[in-house]
Number of protein chains: 2
Amino acid sequence: MIRVVLADDEDLIRGALAALLELESDITVVAQVSDGDAAVAAVAEFAPDIAVLDLEMPRRDGVAAARAIGAGTAVVIVTRHARPGVLRRALAAGVRGFVPKTTPAARLASILRDVHGGGRYVDSEIAASALTADSCPLTGRELEVLRLTRGGGSVQDVAQEVHLAHGTVRNYLSSAMTKLGVTSRHDAARKAWEEGWI
Amino acid sequence: MIRVVLADDEDLIRGALAALLELESDITVVAQVSDGDAAVAAVAEFAPDIAVLDLEMPRRDGVAAARAIGAGTAVVIVTRHARPGVLRRALAAGVRGFVPKTTPAARLASILRDVHGGGRYVDSEIAASALTADSCPLTGRELEVLRLTRGGGSVQDVAQEVHLAHGTVRNYLSSAMTKLGVTSRHDAARKAWEEGWI
DNA sequence: ACGGGGAGCTGACATTTGTCACGGCGGACC
DNA sequence: GGTCCGCCGTGACAAATGTCAGCTCCCCGT
């Protein structure tokens with residue numbers, strides 16, 4: 001019997017996934033929680049075989065929770081935002097399975113069985129785009145100002161933070177925007193984040 | 001037996017919801033589709049008692065699909081973005097149930113039974129905020145430029161569209177931003193949309 | 001040694017965006 | 001009629017933003 005802890009902040013979805021998994025005779029959901037911290041606590045308490053975590057959760061997202069859980073329990077991340085960069089971060093955190101929500105429901109159980117048997121599962125489409133994706137074309141400074149821009153601050157704030165002239169910061173941002181094919185620093189920061197570069 | 005058509009673009013969620021509903025002895029899912037157009041077609045073909053539609057779907061969103069389906073079949077909207085304005089639009093389209101994804105999974109079946117029995121269901125929390133929400137503080141012109149701004153165009157584009165000086169458009173935008181407590185026209189347009197004012 | 005090229009850094013410029021003070025118009029109210 | 005007030009509309013101004021040409025420094029290949 002595969003014992004599973006299920007974490008998703010949307011009650012309806014979490015309950016539905018639990019119903020789906022309980023249909024399988026060899027899988028049982030031993031705990032349901034609605035945020036990342038609770039997921040870590042539930043894993044410590046119930047010592048399940050697998051933790052199925054939604055990526056987007058309050059207080060601690062799925063990847064951060066996976067890192068906190070460590071290697072003792074297999075973690076499968078479920079997400080709606082299946083971008084290459086997210087996959088990279090998830091794998092770096094030791095995640096054993098990465099399942100976009102576009103995956104057919106019927107396949108989830110077999111994925112959990114694979115993972116329980118020691119295997120890994122990565123959505124093939126995302127893996128392909130992660131592998132073919134161009135390596136990061138941005139320089140160190142460009143990445144740095146993008147990282148700070150993502151916080152929402154103005155150019156002035158960022159410039160003060162890194163002790164540079166505002167013109168310099170604008171220049172890095174401009175260069176990054178050109179490389180990424182967007183027209184605003186916010187778009188650039190979001191895109192770089194999605195690609196996993198910052 | 002309550003016959004249901006289920007529409008959601010995320011296979012995993014749709015399948016999980018189907019599993020959840022099939023657990024009920026008096027409910028059966030007669031068709032599953034993944035976009036709004038297919039939902040309309042499936043309702044025409046299967047003549048179900050209830051259509052359960054996700055709000056966010058490609059090609060035609062849940063509310064638009066509900067309008068196309070008409071009054072012959074009861075429609076229940078399920079959504080992650082449970083804002084007052086969305087609720088208003090949904091009710092205006094003749095929707096019989098409005099269920100945010102934060103609803104406990106166990107309650108979905110009883111909601112469907114209520115709706116099948118001729119009742120309506122509206123999440124009480126959203127209904128409350130929709131009723132207590134301040135009425136729209138924006139003027140006609142402000143709403144108009146916000147509507148056009150939402151398309152993503154620049155101030156120049158909007159000004160040309162409404163045959164006004166760009167200064168005038170900026171003024172309306174500025175006024176709207178002040179009233180809404182935000183600092184960019186994009187935020188203002190998004191907020192007004194969420195409130196259901198445009 | 002030396003030349004080329006990339007990264008870091010800067011200021012000057014044009015454009016875009018947001019704010020302000022102002023005037024005209026029309027309805028509500030006395 | 002007269003006044004007040006809100007909405008409509010405009011242009012001037014300031015700040016933020018994006019683009020450009022150019023500078024230095026350092027690494028790398030010859």
Side-chain angles (χ1 to χ4, degrees), chain A residues 84-85 88 132-198, chain B residues 84-85 88 132-198:
Chain A
R88 283 200 195 91
T132 62
D134 309 321
S135 64
C136 176
L138 304 172
T139 71
R141 281 307 214 188
E142 286 166 1
L143 290 172
E144 189 174 6
V145 295
L146 281 177
R147 205 162 10 235
L148 294 176
T149 295
R150 222 179 89 80
S154 70
V155 177
Q156 290 286 9
D157 302 336
V158 175
Q160 198 148 0
E161 193 87 23
V162 292
H163 304 292
L164 287 176
H166 45 286
T168 308
V169 173
R170 280 202 301 272
N171 197 359
Y172 291 143
L173 257 3
S174 177
S175 167
M177 287 185 290
T178 303
K179 289 175 181 173
L180 298 178
V182 298
T183 56
S184 84
R185 66 209 166 293
H186 295 111
D187 285 344
R190 185 156 38 75
K191 189 155 187 170
W193 168 257
E194 284 174 350
E195 294 291 343
W197 294 332
I198 55 177
Chain B
R88 284 200 195 91
T132 61
D134 308 323
S135 63
C136 175
L138 304 172
T139 71
R141 281 305 213 190
E142 286 166 1
L143 290 172
E144 189 174 5
V145 296
L146 280 178
R147 209 167 2 243
L148 294 176
T149 294
R150 221 181 89 81
S154 70
V155 177
Q156 289 285 10
D157 302 335
V158 175
Q160 198 148 1
E161 194 87 23
V162 292
H163 304 293
L164 287 177
H166 44 285
T168 308
V169 173
R170 280 202 300 274
N171 198 0
Y172 291 144
L173 257 1
S174 177
S175 168
M177 287 185 290
T178 302
K179 288 175 181 173
L180 297 178
V182 298
T183 55
S184 86
R185 66 212 164 292
H186 296 109
D187 285 345
R190 186 156 35 77
K191 189 155 187 171
W193 168 258
E194 285 174 350
E195 293 290 342
W197 294 332
I198 55 177

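Numbered from 1 within each chain, the chains take letters A, B, ... in sequence-line order. Computed from a prediction, not measured in an experiment: that's the story for all the values here. Excluded from the calculations below are hydrogen atoms, water molecules and symmetry mates; all remaining heavy atoms, backbone and side chain alike, are included.
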So the contacted stretch of DNA chain C, first to last nucleotide with an atom under 4.0 Å from a non-hydrogen atom of chain A, runs from C/dA7 to C/dA12
Non-hydrogen atoms of A/R170 and A/V155 that approach each other most closely
CG-CG1, 3.8 Å
When you check the gap from the basic side-chain N to the acidic O, do B/K191 and B/E194 get nearer than 4.0 Å?
no
Students often get this wrong, so: under 4.0 angstrom with heavy atoms, is A/R141 touching a base, only sugar-phosphate, or nothing?
sugar-phosphate
State whether the distance check finds a donor on one side and an acceptor on the other, under 3.5 Å, for side chain A/N171 versus base D/dT19.
no
Between P of D/dA16 and NE2 of B/H186, the distance in whole Å
18 Å
Hey, are B/R147 and B/E144 close enough for a salt bridge, meaning a charged N less than 4.0 Å from a carboxylate O?
no
In terms of side-chain heavy atoms, does A/S154 have a donor or acceptor partner in A/D157 at a distance below 3.5 Å?
yes
Interatomic distance where CG belongs to A/D157 and P belongs to D/dT17 [whole Å]:
9 Å
Report the nucleotide, chosen from D/dT10, D/dT17, D/dC8, that has the shortest atom-to-atom distance to any side-chain atom of B/T139.
D/dC8
What integer distance in Å separates B/R185:CZ from D/dT17:C1'?
11 Å
Starting from the 5' end of DNA chain C, give me the residue, A/T168 or B/G167, whose nearest nucleotide shows up first.
A/T168
Backbone N or O of B/E195 within a donor-acceptor pair of the B/R88 side chain at under 3.5 Å?
yes
So what does A/T183 touch, heavy atoms closer than 4.0 Å: a base, only the sugar-phosphate, or nothing?
sugar-phosphate
Which heavy-atom pair separates B/L180 from B/W197 by the least distance, and what is that distance?
CD2-CZ3, 3.5 Å
For a quick check of understanding: with a heavy-atom distance under 4.0 Å over all strands, which category does B/S184 fall into, base, sugar-phosphate or nothing?
sugar-phosphate
Between A/V182 and A/Q156, who's closer to the 5' end of DNA chain D by nearest nucleotide?
A/Q156
Could you check how far OH of A/Y172 sits from C1' of D/dC20, rounded to whole Å?
16 Å
Send over the distance from B/H166 NE2 to D/dT10 C1', rounded to a whole Å.
10 Å
Check this one for me: any side-chain N or O of A/R170 less than 4.0 Å away from OP1 or OP2 of D/dA16?
no
Rounded distance (Å) that lies between atom P of D/dG18 and atom NZ of A/K179
16 Å
Residues B/L138 and B/A192: closest non-hydrogen pair is CD1-CB, 4.5 Å
Checking all strands, does A/L173 fall into the base, sugar-phosphate, or nothing category for heavy-atom contacts under 4.0 angstrom?
nothing
